[in-house]
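Reading through the structure tokens given below for one structure.
Counting starts at 1 for both ligands and their atoms, in listed order. Just so you know, these numbers come straight off a predicted model, no measurement behind them. Worth knowing before you read on, the calculation uses all heavy atoms, side chains too, and leaves out hydrogens, waters and symmetry mates.
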Amino acid sequence: MTTPTQTDPYAAFREELRQFAAEQCPEDLKRFVRSNQKITRNEYRIWQEKLFARGWAAPNWPVAHGGTGWDLQQRYLFEEITAQADCPPQYHHGLGHIGPVILHFGTEAQKARFLPRILDGSEWWCQGYSEPGAGSDLASLKTSARRDGDHYVLNGQKIWTSHAQEADMMYTLVRTSNEGRKQAGISLLLVPMNTPGIEVRPIPTIDHWHHVNEVFLNDVRVPCENLVGAEGEGWRCAKFLLDRERLSPATVPRLARLAEQVEELLTARRDANAASASPSFHVLLERLYLAQAGVKGAREMLLSAIQEEMQGTLAASKSSALKLYCSELSQQIIGIAFDIAGPAHAARLVAATGVDAQQDVDLQRELVHTYLFYRSRTIAGGTSEVQKNVIARDLFGA
Ligand SMILES: Cc1cc2nc3c(=O)[nH]c(=O)nc-3n(C[C@H](O)[C@H](O)[C@H](O)COP(=O)(O)OP(=O)(O)OC[C@H]3O[C@@H](n4cnc5c(N)ncnc54)[C@H](O)[C@@H]3O)c2cc1C
């Protein structure tokens, strides 16, 4: 970021981050992250409490609401240094998604009720947007919210709801009107997950991790005070969220750390069986070098996007290009790990009927879970085809 002749304005900040990550993140938590196990609410919570105690609970929020007020460059450094030290990422649904929406569109009562519990990690959120038949074309959603006195009554189904099984609250887009453009009839509601009429059913996935769910809503009564913005303003809130979250400083540092791990794995394999001369070793090494070059490229692209965002000149196509590139790169990198460690472990995984908590943690086996999970990277958060559409629209108009 700086040449040798320039002084680094962030030098003291970097050092503070390094020291905090070294001293405050518990060793067993770092081991957990390093072994690529699936991070659940428990692990996220431990780290969030440490950050909260330090005043760093919300790197992306303003100071007035308990955030750090850091600029994007500082947020990037935070992500880079904590990823390098194997600290967990922060859980994004509260801090990154609904928190900023409540800050912008919410009432004072909503801010007072919801924001403090996102900061200290005592309340956990999930996102109820997608429905069967409304994913990329989200505005086609059908879950209805009918006004009944001072409540809305919700009926419908959400799908692919990550972490619904461990969430206290769901922010969800519902249809409050069928008049006019389909976007105009959508509203954003905050729904306590213990409300009668909500049923969460796990969706089994190829990675054997419990990640996504179906959420059924049958006559679910939600107080009108949980409406964010005006009725019919849900699409605007959803777009506000997407616009801010397209540029995530977290992805590239995590990819860089994964590439390092894969290099360690490959080196260990070479040292273990002198297979370094075999063609497959050299093929894997070449793939790894290409992927590492890709990570460096992604880092440069992200840093320039951060500069542009700070100057207000960032084009939508650039953050879509980053999402597209990083999703595909993550699959390439984990694909190398799979080819190093995979077949034996994959066979064990396929034979298993579920995740066996009693099994010893085994980095190579966890990398196989991760490999299978990463197949979803090019779908979740907007598919690669949808990103390409955004890029094409930006480049060619239409
Ligand atoms: C692991 C995972 C976690 C998720 N977590 C959540 C969550 O927490 N909350 C939530 O609300 N949703 C979540 N999702 C849902 C995710 O946002 C959707 O899967 C995604 O938006 C795609 O929608 P879809 O699955 O309905 O596929 P569709 O939109 O039906 O797409 C099917 C295929 O058609 C292509 N396609 C669609 N439209 C176009 C187009 N206009 N041009 C070219 N190609 C097109 C797509 O790229 C895709 O290949 C998650 C998904 C996954 C896999």
Classify the contact between [X] and ligand 1 as side chain, backbone, both or neither, using a heavy-atom distance cut-off of under 4.0 Å.
X: Ile379; value: both
X: Thr205; value: neither
X: Leu138; value: neither

Would you say [atom] makes contact with the protein, given that contact here means a non-hydrogen protein atom less than 4.0 Å away?
atom: atom 30 (O) of ligand 1; answer: no
atom: atom 34 (O) of ligand 1; answer: no
atom: atom 52 (C) of ligand 1; answer: yes
atom: atom 3 (C) of ligand 1; answer: yes

**Item:** Under 3.5 Å side-chain donor-acceptor pair for Ser35 and Gln37
**Value:** yes
**Charged tip of Arg147 within 45° of Tyr152 ring normal and under 6.0 Å** = yes
**Request:** Assess Arg375 against Tyr371: is NZ or CZ under 6.0 Å from the centre of the six-membered ring, and within 45 degrees of the ring's axis?
**Result:** yes
Tell me, which protein residue and heavy-atom name are nearest [atom], and how many Å apart are they?
atom: atom 40 (C) of ligand 1; value: Asn389 ND2, 3.5 Å
atom: atom 15 (C) of ligand 1; value: Ser130 OG, 3.2 Å
atom: atom 38 (N) of ligand 1; value: Ser136 CB, 3.7 Å
atom: atom 26 (O) of ligand 1; value: Gly135 CA, 3.3 Å
atom: atom 5 (N) of ligand 1; value: Ser162 OG, 2.7 Å

**Asked** Hey, what do you get for NE2 (His92) to CD (Gln127), rounding to the nearest 0.5 Å?
**Response** 7.5 Å
**Asked** Charged N to carboxylate O below 4.0 Å: is that the case for Arg113 and Glu123?
**Response** yes
**Asked** Among Trp209, Tyr374, Tyr171, Trp160, whose heavy atom sits nearest atom 50 (C) of ligand 1?
**Response** Trp160
**Proximal candidate to atom 44 (N) of ligand 1 [heavy atom criterion; set His211, Glu385, Gln127, Arg377]** = Glu385
**Asked** Do you know which of Gln165, His163, Arg201, Lys158 makes side chain to side chain donor-acceptor pair (under 3.5 Å) with Asn213?
**Response** Gln165
Within ligand 1, which atoms have a heavy atom of [X] less than 4.0 Å away?
X: Tyr129; value: 11 (O)
X: Thr383; value: 22 (C), 46 (C), 47 (O)
X: Val212; value: 2 (C), 3 (C)
X: Ser376; value: 1 (C), 53 (C)

**Prompt:** What's the verdict on side-chain contact (heavy atoms from CB on, under 4.5 Å) for Thr383 and Thr378, showing C-alpha distance, side-chain angles and the deciding distance?
**Reply:** CA-CA 5 Å; Thr383 68; Thr378 43; over 6 Å; no
**Complete:** Which of Trp70, Phe20, Tyr10 passes ring-ring contact (aromatic ring centres under 6.0 Å, His included) with Phe78? It is Trp70
**Request:** May I ask you to decide if the ring planes of Phe105 and Phe240 are parallel, tilted or perpendicular, using 30° and 60° as cut-offs?
**Result:** perpendicular
**Request:** Check for a donor-acceptor pair, side chain of Gln110 on one end and backbone N or O of Thr107 on the other, with a separation under 3.5 Å.
**Result:** yes
**Message:** Is the shortest side-chain heavy-atom distance between Thr40 and Glu166 below 4.5 Å?
**Reply:** yes
